[in-house]
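Below: one structure, written as structure tokens.
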Amino acid sequence: MPSITTSSAVLLISYFAASAAAAANCNPSFDVAAGSDCITKCRQTAGVAMDKSFSLDPSSSSFISSLANECEKGTPSYTSYMTQSGMCMMKCSESEQADYGSREHPDVCTWYSAHKSDSCADASGSTSSSSSSDSSSGSNASSTASGDSAQQSTEESAANNVKLGGFVVSLAAAGIAALLF
């Protein structure tokens with residue numbers, strides 16, 4: 001039986017502790033309150049059916065890539081994910097569906113848009129993935145303009161998500177009706 005020296009054991013423990021600490025802080029700026037258990041279960045089930053590494057846990061290194069399924073409109077994975085999760089969400093209460101469509105989904109996708117290029121290696125808890133190295137050069141006008149653009153984009157995204165949420169529910173209802181009749 002091979003023996004483990006004290007220094008080897010310390011190195012091994014240090015490696016796993018560092019790995020766990022890195023994973024625990026992977027997306028520290030994610031602050032969107034989770035929806036109901038019913039909605040979360042639907043989101044997780046639909047995601048795992050598409051990708052075994054799918055995770056709704058912000059500390060997971062797969063979290064941002066998992067949100068792509070939910071937030072990257074116009075892609076095949078988005079269509080599949082939203083169809084599967086939407087059909088499941090039909091079993092959730094109307095208030096749970098409304099909360100997801102009007103609050104949780106738009107907030108998650110707004111966060112995702114700002115952080116989709118982040119990686120666990122550079123997670124620092126910042127609220128933006130871009131650096132502010134030119135803040136000392138007096139670029140307040142450009143940051144205000146980009147702030148206005150971001151707010152307009154967020155408002156448009158929220159409006160589109162509400163419309164999309166209603167569409168997904170209607171699509172799921174039509175699919176269920178087709179199966180029943």
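Distance CG/D37 to CD/Q44: 12.5 Å, rounded to 0.5 Å. From C71, atom SG reaches atom CE of M82 across 8.0 Å, with rounding to the nearest 0.5 Å. With values rounded to the nearest 0.5 angstrom, S119 atom OG is found 7.5 Å from I64 atom CD1.
Shown here are the side chain to side chain contact (heavy atoms under 4.5 Å, CB included) partners of S77, two or more places apart in sequence or in another chain: M50, N69, T75. Residues forming a side chain to side chain contact (heavy atoms under 4.5 Å, CB included) with A34 (at least two apart in sequence, or on another chain): none.
C26 and S59 make their closest contact through CB-O, 3.2 Å (heavy atoms, listed as atom of the first residue, atom of the second, distance). In terms of heavy-atom proximity, V108 sits nearest to L67 at CG1-CD2, 3.6 Å. The two residues P58 and F30 have their closest heavy-atom pair at CG-CD2, 3.5 Å. Nearest heavy atoms, Y78 versus E72: CB-O, 3.1 Å. Shown here for S62 and S53, the closest heavy-atom pair between the two residues is CB-O, 3.0 Å.
Applying the salt bridge (Lys or Arg N to Asp or Glu O under 4.0 Å) definition to pairs two or more places apart or across chains, those involving residues 88-99 are D99-R103. Residue pairs meeting the salt bridge (Lys or Arg N to Asp or Glu O under 4.0 Å) criterion with at least one member in residues 38-58, sequence neighbours excluded, are R43-E70, R43-E104. Applying the ring-ring contact (aromatic ring centres under 6.0 Å, His included) rule to pairs touching residues 32-57 yields F54-Y81, sequence neighbours excluded. Sequence neighbours left out, the pairs with a member in residues 85-104 that pass ring-ring contact (aromatic ring centres under 6.0 Å, His included) are Y100-H105. The stretch residues 27-64 participates, sequence neighbours left out, in these disulfide bond (SG atoms under 2.5 Å apart) pairs: C38-C92, C42-C88.
Taking the side chain as every heavy atom from C-beta outward, Y112 and D107 never approach each other to under 4.5 Å.
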